[in-house]
Amino acid sequence: MLEKSFDPASAEPRLYEAWEKSGAFQPSGKGAPFTIVIPPPNVTGSLHMGHALNNTLQDVLCRFERMRGRSVLWQPGTDHAGIATQMVVERQLALQQQKRTDFTRADFVAKVWEWKAQSGGTITAQLKRLGASCDWSRERFTMDEGLSAAVRKVFVDLYRDGLIYRDKRLVNWDPKLLTAISDLEVENTEVAGHFWHFKYPLENGETYQFPIAHDDEGNPTEWETRDYISIATTRPETMLGDGAVAVHPSDKRYAPIVGKKCLLPLADRYIPIITDDYPDPDFGSGAVKITGAHDFNDYKVAMRNGIPLYVLMDERARMLHDDNVPEKYRGLDRYEARKQVVADIDARGLLIKVEDKKIMQPFGDRSGVVIEPMLTDQWYVDAEELGKRAIDAVEQGQTRFIPENWTKTYFQWMRNIEPWCVSRQLWWGHQIPAWYGPDGHVYVAETEEEATRQAVLRLTTEGYSLEDINAMRRGEGEGPLLVRDEDVLDTWFSSALWPFSTLGWPDETAELGARYPTNVLVTGHDIIFFWVARMMMMGCRFMDDVPFKDVYIHALVLDEKGQKMSKSKGNVIDPLTLIDKYGADALRFTLAAMAAQGRNIRLSEARVEGYRNFGTKLWNAARFCEMNGCAFDPAFDPATATETLNQWIVHEAGRAAAETTAALEGYRFNDAAGAMYKFVWNVFCDWHLELAKPILLGPDSPAKAETQKATAWVLSQALKLLHPFMPFVTEELWAGTAARAGHLIAAEWPQAPAFPSNDMAAGEINWLIGLITAIRSARAEMNVPAGAKIPMIAVGADPAVSLRIDLYRDLVARLARLDPISIAPAAPKGAVQIVHEGGVYALPLAGIIDIAAEKARLGKEIDKCVKEIETIDKKMSNAQFVERAPIEIVEENRERKIAFSERREKLAAALAQISEA
RNA sequence: GGGCGCGUAGCUCAGCGGUAGAGCACUACGUUCACACCGUAGGGGUCGCAGGUUCGAACCCUGCCGCGCCCACCA
């Protein structure tokens with residue numbers, strides 16, 4: 001016996017455990033492989049709405065394909081999330097008044113592992129609550145031994161081929177986290193700032209004529225004598241590191257002083273005035289100060305022109321104690337230094353003006369502090385070279401993006417790609433497999449032994465004696481033989497290998513052979529660059545093939561007002577709260593139903609509630625079946641059904657199945673969910689069960705037996721079709737409605753041939769539904785009390801209609817609340833008349849009928865017909881339309897016109913009659 | 001500056017060349033034995049604006065007006 005209602009809280013854990021125990025999450029071994037690798041959530045993470053959507057969609061696909069007989073592997077795992085995880089642990093240390101540097105690196109890393117062991121399972125536990133059918137026996141972690149080995153191998157291999165190299169150049173430096181970060185980890189935000197205009201005096205009191213007024217043709221008409229060059233900056237403190245002032249070569253205003261020198265105030269150095277294409281003569285003064293060591297643009301100009309770089313700041317963005325920095329600024333924070341510089345410039349009478357200005361400022365996406373361009377040694381991946389094949393693969397369609405427009409985003413980035421800075425000055429992560437020898441040479445190898453071997457070999461040829469070398473190895477030399485690079489790799493480096501490293505690479509495992517390329521990657525567009533592009537590069541390079549055939553890019557989940565959810569805004573909707581309140585099925589169905597391609601999801605709780613109600617509806621339908629002896633009979637063959645009603649519902653179920661299947665094949669999750677929603681609620685519950693009631697509640701008969709079986713059969717098909725979306729409630733009903741051998745999760749997906757279509761039956765039942773609806777509508781408009789039974793007369797029914805009336809008399813009577821139903825040649829006086837599919841049906845309400853209301857109703861109906869007819873006439877009278885439109889369309893219009901005309905005539909007759917009465 | 005996307009019923013959104021749709025909200029009615037997390041019926045839209053293509057446009061094209069996102073070095 002089914003309970004009165006479904007209780008997700010108790011059923012979900014129980015069902016999940018049963019699935020896992022049954023081995024359903026593991027690939028079956030039969031059927032073609034279907035593989036998805038999960039976008040590994042951060043170990044530090046907890047489930048947010050984005051995860052909920054992402055994993056719901058993956059689970060829908062996995063369950064769908066599993067039921068279709070594929071050997072499904074959904075590969076789970078988590079990401080070590082370098083910066084994020086290190087920050088979490090450091091925050092915990094801070095609570096105990098400790099900091100990372102109180103520990104040795106090894107001890108700190110051990111602490112992180114400890115933390116991971118304790119709390120790292122949070123997100124996977126939460127994924128289970130969602131119902132994710134991952135193969136947990138294969139769970140991986142980006143820093144586990146196998147994946148770390150893959151990382152080392154990839155690094156060494158790329159290094160050997162010159163695709164990874166060490167270089168000193170300007171990087172994005174995070175002065176809070178004290179590490180370099182990649183371009184992608186920088187968020188440029190517009191903030192209110194200032195634009196300071198300074199005078200740099202010319203050397204030796206030199207002067208020149210500077211135009212200050214122009215005629216209509218742009219020729220100067222007025223000049224002033226200047227002994228300085230005017231520059232403007234948003235970052236005054238960097239002026240201390242200027243190496244030159246640049247003007248555009250075509251800028252005539254400055255032509256007289258190009259090649260001369262000006263004084264760099266405060267630093268009291270002389271710097272050259274040079275030309276370069278970079279300055280825009282129409283912006284600011286047209287002259288740009290060049291601070292090569294602290295600005296990306298200036299760096300390029302400095303490189304091109306051989307201008308020296310003056311490094312001003314330390315790793316915390318404080319002014320250096322260094323010759324480059326005048327004494328009074330040393331040790332100041334960059335913003336303190338800024339104030340001081342402006343004040344000092346002003347004091348010297350060199351401040352021309354200060355403007356308010358919106359400026360784009362770079363912030364670290366994790367630290368939130370302003371990023372400082374810094375000249376440091378870092379490791380870089382040659383993304384341009386690796387990107388070539390990744391671009392080709394998408395151009396040639398080996399990987400396709402869905403929706404397709406994301407290919408454009410992908411190409412745009414890939415075609416303008418910059419070297420990828422992969423080293424991070426952190427402790428938590430994959431330490432770079434590079435060692436430095438006493439000669440400063442770098443040895444890159446998968447193991448220290450190998451690096452040592454290389455070092456020994458090289459040093460011997462360089463003239464080091466074996467004795468010295470061995471002394472260094474023993475630690476008895478002047479220093480150690482090798483010192484390992486301290487840096488770790490960008491988290492995305494290991495993530496980039498995920499599709500093959502989790503399948504066993506570099507070992508040639510069976511999975512790797514069978515499952516790479518994986519079928520589809522499901523992810524959000526926010527990590528196309530971070531992750532998708534990098535997987536494409538690494539996959540093409542190391543597997544010689546793309547990592548996935550399809551990339552399904554899903555929406556972002558926003559709040560109901562369309563705002564990004566964020567803790568600071570306080571508009572975060574917690575998926576677990578919704579699961580607690582409405583069940584995982586309701587949340588899943590909501591997300592799937594709203595996952596239309598190319599659109600963001602504005603989640604509202606009302607919607608979740610609505611789909612919870614849908615689950616309840618399904619549950620109650622199943623209870624109804626149970627109470628009425630609709631027992632599932634495995635021997636039942638829908639093709640043998642002889643009852644029209646049963647033929648019809650099988651036909652309709654088949655349509656729903658086909659629609660759902662096609663939608664899922666095309667990643668149209670919303671259409672798939674919508675098709676099932678409509679079928680279950682508006683077809684199966686609203687009509688099939690209602691129409692079946694008289695038979696089911698009536699005496700035993702072959703028709704009743706067939707209806708019971710057909711109804712149970714259709715319900716079980718619906719459970720299958722809904723299972724990918726609502727796995728819990730459907731699984732519970734699967735077990736609760738019949739004794740079955742296996743779990744629903746392992747059942748076979750309904751195939752089209754199982755649903756014989758039957759247009760005759762469809763036509764008949766749809767006629768019946770239309771008639772009942774029309775009568776109900778008329779009753780309501782005539783204010784007939786809902787409970788009142790009234791007579792109906794089928795007027796002048798032709799033999800076919802008479803037959804149907806006889807056949808469905810009881811049903812119509814029951815569902816439209818009629819008694820009796822008769823057939824007569826003419827309508828009685830004062831009756832409400834309904835026109836439906838060419839037939840006229842009269843409700844004799846003499847006495848109770850509101851004649852005015854009925855006239856109004858008929859008038860409205862007639863108006864509708866007239867309007868339709870007019871529209872059609874307009875089309876048909878257009879010779880061009882008849883000539884050029886497809887015949888089917890013309891024919892369709894002709895038929896519609898006939899139908900509307902007939903309807904109008906019958907309504908008009910009814911109106912005439914009621915007017916007489 | 002470049003790119004992507006969105007403006008359709010009060011709200012959230014489907015539809016994307018041939019009869020304007022759903023959910024929620026709203027109104028009226030309902031003690032019909034699965035379900036009030038329900039049932040029945042209903043109201044509500046010049047599909048942002050203006051042109052164009054077409055026999056026909058919410059849908060295709062162009063421009064404009066709003067809104068959002070991503071990328072980018074204007075000091």
Side-chain angles (χ1 to χ4, degrees), chain A residues 2 4-5 183-184 188 195 231-235 238 246 278-280 282-291 295-301 359-360 403 405-406 408-409 411-413 416 525-526 528-529 556 558 560-564 582 586 590 593-594 596 598-604 606-607 609-628 670-671 674 677-678 682 685-686 689-690 693 697 773 776-781 783-787 814-817 868 871-872 874-875 878-886 888-890 892-893 896 900:
Chain A
L2 291 172
K4 187 116 200 317
S5 65
D183 299 344
L184 289 175
N188 291 304
F195 204 33
I231 60 94
T233 180
T234 55
R235 300 203 51 196
T238 65
Y278 166 60
D280 173 0
D282 297 327
F283 184 80
S285 69
V288 185
K289 67 194 251 323
I290 302 300
T291 320
D295 183 283
F296 286 100
N297 292 313
D298 294 4
Y299 180 76
K300 287 184 198 156
V301 178
I359 52 172
M360 278 302 220
N405 59 290
W406 291 109
K408 247 187 163 159
T409 306
F411 282 140
Q412 193 190 317
W413 190 69
N416 297 294
H525 65 75
D526 49 336
I528 291 178
F529 306 147
L556 252 38
L558 310 172
E560 57 228 296
K561 288 178 214 138
Q563 303 258 337
K564 247 186 191 173
Y582 302 105
T590 306
M594 295 184 81
R599 224 204 240 255
N600 287 333
I601 294 179
R602 295 193 191 186
L603 192 71
S604 74
R607 204 72 190 256
E609 192 184 346
Y611 289 122
R612 186 272 319 267
N613 296 351
F614 174 61
T616 306
K617 185 76 182 177
L618 178 71
W619 184 266
N620 282 309
R623 282 180 65 222
F624 173 82
C625 290
E626 183 182 57
M627 290 173 201
N628 288 281
N670 58 322
D671 289 338
Y677 183 93
K678 270 187 199 137
N682 302 121
C685 291
D686 287 353
L689 293 185
E690 293 305 323
K693 273 179 185 172
L697 298 170
T773 307
R776 283 172 172 172
S777 183
R779 284 178 60 120
E781 277 188 71
N783 293 316
V784 177
R814 177 193 169 91
L815 294 179
R817 306 239 99 205
E868 290 290 346
T871 314
I872 296 167
K874 217 171 115 191
K875 276 190 192 174
N878 180 343
Q880 301 268 45
F881 171 72
V882 182
E883 200 180 300
R884 299 197 191 180
E888 313 89 74
I889 299 295
V890 178
E892 195 185 303
N893 274 278
R896 288 189 62 218
F900 277 116

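Residue numbers start from 1 in every chain, and the chains themselves are labelled A, B, ... in the order their sequence lines are given, proteins ahead of strands. If you're wondering where the values come from, they're calculated on a predicted model, not measured in any experiment.
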Q) Hey, is the main chain of A/Gln412 close enough, under 3.5 Å, to the side chain of A/Asn416 for a donor-acceptor pair? A) yes
Q: Name the nucleic acid region contacted by A/Arg235, choosing base, sugar-phosphate or nothing; use a 4.0 angstrom heavy-atom cut-off, strictly under.
A: nothing
Q: Looking at every strand, decide which applies to A/Arg607 at a 4.0 Å heavy-atom threshold: base, sugar-phosphate, or nothing.
A: base
Q: Go through B/rG30, B/rC74, B/rG18 for me and flag the one nearest to the A/Phe283 side chain.
A: B/rC74
(Q) Please determine whether any donor N or O and acceptor N or O are separated by less than 3.5 Å between the side chain of A/Arg776 and the base of B/rU40. (A) no
Q | Integer angstrom distance from the C1' of B/rC71 to that of B/rC11 | A | 33 Å
Q.
Taking pairing as Watson-Crick or G-U wobble with both contacts under 3.5 Å, can you name the mate of B/rC33, or confirm there isn't one?
A. none
Q | Sole residue of A/Asn297, A/Thr233, A/Asp298 in side-chain contact (heavy atoms from CB on, under 4.5 Å) with A/Thr291 | A | A/Asp298
(Q) Over all strands shown, is A/Pro279 touching base, sugar-phosphate only, or nothing at heavy-atom distances under 4.0 angstrom? (A) base
**Q.** A/Ala606 side chain, from C-beta outward: closest of B/rU40, B/rC24, B/rA75
**A.** B/rC24
(Q) Could you identify the nucleotide paired to B/rU53, looking across every strand shown and requiring Watson-Crick or G-U wobble geometry with both distances under 3.5 Å? (A) none
Q. Is a side-chain N or O of A/Arg779 found less than 3.5 angstrom from the main chain of A/Arg817, in a donor-acceptor match?
A. yes
Q: Using both distances under 3.5 Å as the test, list the Watson-Crick or G-U wobble partner of B/rC16, or none.
A: none
Q) Rounding to the closest angstrom, what is the interatomic distance between B/rC13 and B/rU8 at atom P? A) 10 Å
Q. Which listed nucleotide (B/rU12, B/rG18, B/rA75) is nearest to the side chain of A/Met594?
A. B/rU12
Q: Quick one: do A/Thr238 and A/Lys289 satisfy side-chain contact (heavy atoms from CB on, under 4.5 Å)? Show the steps, please.
A: CA-CA 9 Å; A/Thr238 65; A/Lys289 67 194 251 323; 2.7 Å; yes
Q) Looking only at atom C1', what distance separates B/rG42 and B/rG7, rounded to whole Å? A) 29 Å
Q.
Once you apply a heavy-atom cut-off of 4.0 Å, does A/Lys408 come out as touching a base, just sugar-phosphate, or nothing?
A. sugar-phosphate
Q: Check every strand shown and say whether A/Phe614 touches a base, only sugar-phosphate, or nothing at a heavy-atom separation below 4.0 Å.
A: nothing
Q) Contact class for A/Lys874 (heavy atom, under 4.0 Å): base, sugar-phosphate, or nothing? A) nothing
Q: Output the single nucleotide from B/rA41, B/rG3, B/rA75 whose closest atom is nearest the side chain of A/Gln412.
A: B/rG3
Q: Mind checking A/Thr773 for me? I need base, sugar-phosphate or nothing, with any heavy atom below 4.0 Å counting as a touch.
A: sugar-phosphate
Q: Pick the P atom in B/rG45 and in B/rA22, then give their distance to the nearest Å.
A: 15 Å
Q: Select base, sugar-phosphate, or nothing to describe what A/Cys685 touches, counting heavy atoms under 4.0 Å on all strands.
A: base
Q. Which value, in whole Å, describes the distance between the C1' atoms of nucleotides B/rA58 and B/rU19?
A. 14 Å
Q: Remember a base hit wins even if backbone is also touched, and classify A/Arg623 as base, sugar-phosphate or nothing at under 4.0 Å, heavy atoms.
A: sugar-phosphate
Q | 5' priority, RNA chain B, between A/Phe624 and A/Lys875 [closest heavy atom] | A | A/Lys875
Q | Nucleotide opposite B/rG10 in a Watson-Crick or G-U pair, distances under 3.5 Å | A | B/rC24
Q. Is A/Ser777 touching bases, backbone alone, or none of the nucleic acid, heavy atoms closer than 4.0 Å?
A. sugar-phosphate
Q: Side chain of A/Asp686 only, please: which of B/rC4, B/rG18, B/rU40 is the nearest?
A: B/rU40
**Q.** Nearest-nucleotide pick for A/Asn188, side chain only, options being B/rC69, B/rA72, B/rC37
**A.** B/rA72
(Q) Over all strands shown, is A/Phe296 touching base, sugar-phosphate only, or nothing at heavy-atom distances under 4.0 angstrom? (A) nothing
**Q.** B/rA34 base / A/Glu690 side chain donor-acceptor hit below 3.5 Å
**A.** yes
Q. Quick one: does A/Glu868's side chain have a donor or acceptor within less than 3.5 Å of a partner on A/Phe900's backbone?
A. no
(Q) So if I take every side-chain heavy atom of A/Asn613 and compare against B/rC37, B/rA34, B/rC74, which nucleotide ends up nearest? (A) B/rC37
Q.
The test is side-chain contact (heavy atoms from CB on, under 4.5 Å); show your working for A/Met627 and A/Arg623 and say whether it passes.
A. CA-CA 6 Å; A/Met627 290 173 201; A/Arg623 282 180 65 222; 3.5 Å; yes
Q. Is the backbone of A/Ala586 close enough, under 3.5 Å, to the side chain of A/Thr590 for a donor and an acceptor to pair up by distance?
A. yes
Q) If you measure from the C1' atom in B/rU62 to the same atom in B/rA75, how many Å do you get, rounded? A) 38 Å
Q.
Taking the P atom in each of B/rC61 and B/rC26, what is the distance between them to the nearest angstrom?
A. 39 Å
Q.
Can you tell me the base-pairing partner of B/rC4? Count Watson-Crick or G-U wobble geometry only, both distances below 3.5 Å, and say none if there is no partner.
A. B/rG68
Q) Starting at the 5' end of RNA chain B, which residue's closest nucleotide do you reach first, A/Ser5 or A/Gly286? A) A/Ser5
Q: Choose from B/rU19, B/rC35, B/rA75 the nucleotide whose nearest atom is closest to any side-chain atom of A/Asp295.
A: B/rA75
Q: Give A/Asn878 one of three labels, base, sugar-phosphate or nothing, depending on what nucleic acid heavy atoms sit under 4.0 Å from its own.
A: sugar-phosphate
**Q.** Span that lies between the P atom of B/rU40 and that of B/rA25, in whole angstrom
**A.** 15 Å
Q: Give me the ring orientation class for A/Tyr677 and A/Tyr611: parallel if the planes are under 30° apart, tilted from 30 to 60°, perpendicular past 60°.
A: perpendicular
Q: May I ask you to evaluate whether A/Lys617 reaches the phosphate of B/rG39, defined as a side-chain N or O under 4.0 Å from OP1 or OP2?
A: yes
Q) Closest to the A/Ala780 side chain: B/rG18, B/rA41, B/rU12? A) B/rA41
Q: State which of B/rG18, B/rC4, B/rG23 makes the closest approach to the side chain of A/Tyr677.
A: B/rG23
